[in-house]
Amino acid sequence: MIHAPGVEGVGSSSIMRLYEPRKAEEIARHCGVSKGMVHQVISTYNRFGVEAIETPGKGGRRHQYLTFSEEKEFLAPFFTQAESGQIATVSQIQRAYEATVGHEVDESTIYRLLNRHGWRKLMPRPRHPQADLQEQEQFKKTLKPRLRRSSQPGQSKMNVLY
């Protein structure tokens with residue numbers, strides 16, 4: 001199949017039809033693209049041949065350090081570690097990954113790797129690092145009296161002038 005960037009309906013049979021004398025509007029309608037795209041594909045084909053319009057198409061991972069199967073092998077020890085109840089941290093995985101590929105990688109690379117293989121962070125943070133436990137306890141003790149004071153019967157909630 002011949003792919004051109006942005007041209008989904010142009011195939012080898014469509015290229016062969018280009019030799020038949022037809023208007024660009026007709027070819028565009030048949031292929032589901034714009035007239036300008038038809039002119040661009042014809043021009044590229046005439047200048048560089050079929051190889052110029054045979055592209056890999058859209059999508060895919062073209063800039064990868066490891067293939068999907070290599071990533072799966074790489075993560076296997078961490079899966080077994082997690083299944084036995086031990087915690088595998090992103091920093092551990094990142095260090096091992098950097099050793100495997102031979103250079104530093106960003107933390108987001110590891111998070112995308114884990115996401116591709118179905119891992120996600122399940123452990124919530126137990127408490128905020130800057131939390132003051134004494135202040136929280138004091139707040140719990142004084143919360144109910146504060147709520148009662150603001151909603152005493154006979155007290156208007158809004159002062160409206162008519």
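Computed from a predicted structure; not experimentally measured.
Side chain of S43 to main chain of H39: no donor-acceptor pair is present (N/O by atom type, distance under 3.5 Å, no hydrogens or angles). For E25 (side chain) and K35 (main-chain N/O), no donor-acceptor pair under 3.5 Å exists by modelled atom type.
With rounding to the nearest 0.5 Å, the separation of CD in E54 from OH in Y45 is 10.0 Å. A distance of 14.0 Å separates CD1 of I27 from CE of M37, quoted to the nearest 0.5 Å. Here OH of Y65 is found 10.0 Å from CD of E98. Values are rounded to the nearest 0.5 Å. The structure places CD1 of I110 at 12.0 Å from CD of Q92, a figure rounded to the nearest 0.5 Å. Rounded to the nearest 0.5 angstrom, I93 CD1 and T100 OG1 are separated by 11.5 Å.
Between E137 and K140, at least one side-chain nitrogen of the basic residue sits less than 4.0 Å from a carboxylate oxygen of the acidic one, meeting the salt-bridge criterion.
With a 4.5 Å cut-off on side-chain heavy atoms, Q64 and L66 do not count as touching. By the 4.5 Å heavy-atom criterion applied to side chains, S108 and R112 are counted as neighbours. For the pair L75 and L114, the minimum side-chain heavy-atom distance is below 4.5 Å.
By the criterion of side-chain heavy atoms lying less than 4.5 angstrom apart, applied directly or through intervening Ile, Leu, Val, Met, Phe, Trp or Tyr residues, V41 is grouped together with V50 in one hydrophobic cluster.
Residues F79 and H117 come closest through the heavy atom pair CZ-O, 3.9 Å. Of all heavy-atom pairs between R116 and F68, the closest is O-CE1, 4.0 Å. Considering all non-hydrogen atoms of both residues, E71 and L113 come closest at CD-CD1, 3.2 Å. The two residues E107 and V90 make their nearest non-hydrogen contact at CG-CG1, 4.0 Å.
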